[in-house]
Student: 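So that we are looking at the same thing, I have put the structure below in structure tokens.
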Amino acid sequence: MCTAPAEELVKQWESEQARLRQQVVEEDTEDWQRSPDFSGLERVGGVDLSFIKGDDVNACAQLVVLSYPDLELLYEDSHMVTLTAPYIAGFLAFRETPFLLEALQRLERNQPELLPQVVFVDGNGLFHYREFGLACHLGVLSGLPSVGVAKNLLQVQGVDKSEAHQSQIAALQKGGDSFPLTAASGKVLGKALRSSNKSSKPVYVSVGHKICLDTAVRLTHSCCRYRVPEPIRQADCRSREYLRIHFPAVDT
DNA sequence: GCGACAG
DNA sequence: ATCTTGTCGC
């Protein structure tokens with residue numbers, strides 16, 4: 001008769017995900033997405049949150065906007081935030097989205113001409129327990145096209161780190177090679193992508209919003225100087241640097 | 001008890 | 001997410 005506190009919250013979050021899931025657009029909606037070289041694409045965004053060691057409440061929310069195709073910094077925003085929601089696997093968006101959305105809204109208010117035409121998100125999109133990960137959540141709430149890029153495989157909907165999966169990874173010969181992540185239902189939820197020639201460990205790309213999977217994979221590859229696509233990598237580096245400068249480690 | 005668990 | 005520098009290898 002006693003329901004665990006978190007249990008009620010999870011039920012509420014699940015229904016919120018189901019509601020917003022219906023608003024995801026899994027197809028290309030922009031002209032530049034149809035172009036072979038993405039002509040018309042000039043600005044790509046990246047978001048991330050970095051935490052102070054031993055503190056899971058205070059974080060630096062980061063937004064960067066890079067030029068495309070040169071991937072040079074056009075805009076950067078580092079902002080300290082206080083998180084309220086706990087991290088529960090499958091519900092990352094409820095912890096992080098509000099602050100990432102706020103960063104996009106600050107940009108829209110102050111320099112709308114610099115708004116990115118697509119946002120890369122550190123985490124999954126449709127490749128998710130209920131096909132509504134962080135990248136979908138931020139995409140739907142912002143209305144911007146978004147792509148989810150996870151550094152680790154989420155074992156979900158029948159996708160797992162099997163021998164077959166490992167051999168598919170081994171078969172990725174060069175940057176740009178990929179293979180589908182297929183759910184038990186038969187639906188392709190994402191793709192494992194070898195993002196550069198140098199890194200044999202793939203990244204996991206999935207649709208966030210207003211882009212199709214093949215376009216998302218092709219775009220991700222075209223934004224990779226290293227394993228992690230540059231917009232996310234820059235957001236990660238710069239938010240960590242911000243914490244280093246403003247919250248230096250103390251010698252005890 | 002053991003493994004999984006985006007960030 | 002974070003704990004952690006240098007080091008072995010291509």
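Reminder, nothing fancy here: chain letters follow the sequence lines and each chain counts from 1. The basis for the numbers below is simple: all heavy atoms, side chains too, and nothing from hydrogens, waters or symmetry mates.
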Student: Going by atom types alone, do A/Ser50 and A/Tyr242 pair a side-chain donor with an acceptor below 3.5 Å?
Tutor: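 Judged by distance alone, the side chains do not pair up.
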Student: Return yes if a side-chain donor-acceptor contact under 3.5 Å exists between A/Glu72 and A/Ser67, otherwise no.
Tutor: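 No, because no side-chain N or O of A/Glu72 sits under 3.5 Å from a partner of the opposite role on A/Ser67.
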Student: Please report the distance, rounded to the nearest Å, between CZ in A/Phe94 and C1' in C/dA1.
Tutor: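 Value for this atom pair: 19 Å.
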Student: Assess whether side-chain hydrogen bond (donor to acceptor under 3.5 Å, both in side chains) is satisfied between A/Arg130 and A/Gln17, documenting all intermediate values.
Tutor: CA-CA 8 Å; A/Arg130 291 162 296 279; A/Gln17 287 181 331; 2.7 Å; yes
Student: Between A/Asn58 (CG) and C/dT2 (P), how many Å, whole number?
Tutor: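 Answer to the nearest Å: 14 Å.
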Student: Say you pick atom P in C/dT5 and the same atom in B/dC2; how far apart are they, in whole Å?
Tutor: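 31 Å, rounded to whole Å.
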Student: Counting N and O atoms only, with roles assigned by atom type, does the side chain of A/Glu108 sit under 3.5 Å from a partner on the main chain of A/Ala103, one being a donor and the other an acceptor?
Tutor: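 No, the answer is negative, given that no donor and acceptor are paired below the 3.5 Å cut-off.
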Student: Are A/Val24 and A/Arg21 packed together at the side-chain level, in the sense that at least one heavy-atom pair is separated by less than 4.5 angstrom?
Tutor: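 Of all side-chain heavy-atom pairs linking A/Arg21 with A/Val24, at least one is under 4.5 Å.
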Student: Return one dot-bracket line describing DNA chain C 5' to 3' (Watson-Crick or G-U wobble pairs, both distances under 3.5 Å; ( ) same strand, [ ] crossing, | another strand, . none).
Tutor: ..........
Student: Given the side-chain rings of A/Phe99 and A/His79, with only the six-membered ring counted for Trp, is the space between their centroids under 6.0 Å?
Tutor: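 No; A/His79 has its ring centre 6.0 Å or more from that of A/Phe99.
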Student: Looking at side-chain heavy atoms only, is the closest gap between A/Leu20 and A/Leu141 below 4.5 Å?
Tutor: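 Yes. Closest side-chain heavy atoms under 4.5 Å.
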Student: May I ask you to list the residues of residues 184-193 of chain A, by number, that have any heavy atom positioned under 4.0 Å from an atom of DNA chain B?
Tutor: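 Contacts with DNA chain B under 4.0 Å: none.
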Student: With a 4.0 Å cut-off, would you call A/Glu230 and A/Arg233 a salt bridge?
Tutor: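 Looking at A/Glu230 and A/Arg233, the cut-off is met.
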Student: Charged N to carboxylate O under 4.0 angstrom, A/Lys187 versus A/Glu131?
Tutor: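 Yes.
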Student: Can A/Asp214 and A/Arg218 be said to form a salt bridge (charged side-chain N to carboxylate O under 4.0 Å, His left out), step by step?
Tutor: CA-CA 6 Å; A/Asp214 286 338; A/Arg218 194 163 60 88; over 6 Å; no
Student: For the pair made of CD in A/Gln62 and P in C/dA1, what is the distance, rounded to whole Å?
Tutor: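 Result: 15 Å.
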Student: Which atoms of nucleotides 4-7 of chain B (N or O only) lie under 3.5 Å from a protein N or O atom, and what are those distances?
Tutor:
| unit_1 | atom_1 | unit_2 | atom_2 | d |
| --- | --- | --- | --- | --- |
| B/dA4 | O3' | A/Gln155 | NE2 | 3.4 |
| B/dC5 | OP1 | A/Gln155 | N | 2.8 |
| B/dA6 | OP2 | A/Tyr87 | OH | 2.7 |
| B/dA6 | O4' | A/Asn124 | ND2 | 3.3 |
| B/dA6 | N7 | A/Gly90 | N | 3.3 |
| B/dA6 | N6 | A/Gly90 | O | 3.1 |
| B/dA6 | N6 | A/Phe91 | N | 3.3 |
| B/dA6 | N6 | A/Leu92 | N | 3.2 |
| B/dA6 | N6 | A/His128 | NE2 | 3.3 |
| B/dA6 | N1 | A/Leu134 | N | 3.1 |
| B/dA6 | N3 | A/Asn124 | N | 3.0 |
| B/dG7 | OP1 | A/Lys151 | N | 3.0 |
| B/dG7 | OP2 | A/Asn152 | OD1 | 3.1 |
| B/dG7 | O3' | A/Asp122 | OD2 | 3.2 |

Student: For B/dC5 and C/dT2, measure between their C1' atoms and round to the nearest Å.
Tutor: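 One C1' to the other, the span is 16 Å.
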Student: In this structure, which one of A/Thr220, A/Thr182, A/Leu213 forms a side chain to side chain contact (heavy atoms under 4.5 Å, CB included) with A/Lys191?
Tutor: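 Of the listed options, the one satisfying the test is A/Leu213.
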